[in-house]
2 protein chains.
Amino acid sequence: MGTSKTASFSEKQNELAILFKALSHPARVAIIEYLLTVDTCICGDIVNELPLAQPTVSQHLKELKNAGIIKGNIEGTAICYCLNPETLKKFEEYFFAITKKLKEKCC
Amino acid sequence: MGTSKTASFSEKQNELAILFKALSHPARVAIIEYLLTVDTCICGDIVNELPLAQPTVSQHLKELKNAGIIKGNIEGTAICYCLNPETLKKFEEYFFAITKKLKEKCC
DNA sequence: TTAATATATCGTAATATTGCAATATAACAA
DNA sequence: TTGTTATATTGCAATATTACGATATATTAA
């Protein structure tokens, strides 16, 4: 036990769960929201924006990157992280479809 | 350590993280999608729809209920679970606002 | 009442996540 | 080259999650 029974669910359901898991920590929500306030994709020092040590922030960034929610490009010494619009659009479309279907059901 | 530094983040960020965590397991995504296919709110036997034992399903339902994503009403021997449109609308609005802001930034 | 059915809770083992100090890597500046 | 800066990786302790057998609860039927 302790293991998620991944194989028992559809690929889509697992993919969605991975995306949601990437957002399931306040630090990662904070990273998303910070990247949203930055004007361009060029941005450094996310570490200074968060109340966590540098290795911890790095780990959270890695998780967001693995899930495809952010992208990271090496820009000299700094790394330029930015949001991935395609993935965020997926989220929007998923919930749009759900709320639309819910309206039709009219509980 | 091992504890999430909840107190270091805003209330909104923590609330969002809790909502996303509730969806971060394929079984819970499957429950949402099953409830979406059921015609009315009256529904039983979610257990039979999932490849998990009854206590496990009950636990997942509890997590979704705690997060406010589903509602449960006692209906005799059975329990009627249904989606909470308000919470799902929150998700939609959150991602709508993000994708809108991303378009304006035009990376 | 007793039996059957549906769902919840408890207890616990296996696994995953979180956070950070220590260390490593990689690029630039002097 | 050496030093500085920015980010990543490793290792590990504390905590959380997942799954399920056993058991409890609660409603209906007989």
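The analysis underlying the following values was restricted to heavy atoms, covering all of them including side chains, and did not include hydrogens, waters or symmetry mates. Naming: A, B, ... by sequence-line order, numbering from 1 per chain.
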**Prompt:** Counting any heavy atom closer than 4.0 Å, what does Thr56(A) reach on the DNA or RNA strands: base, sugar-phosphate only, or nothing?
**Reply:** base
**Closest nucleotide among dT9(C), dG19(C), dA8(D) to the Ser58(B) side chain** = dT9(C)
**Request:** Could you tell me whether Lys21(A) contacts a base, only the sugar-phosphate backbone, or nothing, with contacts defined as non-hydrogen atoms closer than 4.0 Å?
**Result:** sugar-phosphate
**Prompt:** Counting just side-chain N and O atoms, does Tyr81(A) come under 4.0 Å of either OP1 or OP2 of dA8(D)?
**Reply:** yes
**Prompt:** Between Phe91(A) and Phe20(A), does the ring centroid distance fall short of 6.0 Å?
**Reply:** yes
**Prompt:** Toward the 5' end of DNA chain D, which comes first, Pro55(B) or His60(B), by nearest nucleotide?
**Reply:** His60(B)
**Message:** On a heavy-atom basis, which atom in Asn14(B) and which in Pro26(A) lie closest, and how many Å separate them?
**Reply:** OD1-CG, 3.3 Å
**Request:** Using a heavy-atom cut-off of under 4.0 Å over every strand shown, decide if Leu52(A) touches base, sugar-phosphate, or nothing.
**Result:** sugar-phosphate
**Asked** Is the base of dA8(C) touched by the side chain of Gln54(B) through a donor-acceptor pair closer than 3.5 angstrom?
**Response** yes
**Message:** Leu23(B) vs Leu23(A), test: side-chain contact (heavy atoms from CB on, under 4.5 Å). Steps then yes/no.
**Reply:** CA-CA 10 Å; Leu23(B) 295 178; Leu23(A) 294 179; over 6 Å; no
**Message:** As an exercise, state the distance from CD1 of Ile31(B) to NZ of Lys65(B), rounded to the nearest 0.5 Å.
**Reply:** 13.0 Å
**Complete:** Comparing nearest nucleotides in DNA chain D, the 5'-proximal residue of the pair Ser4(B), Lys5(A) is Ser4(B)
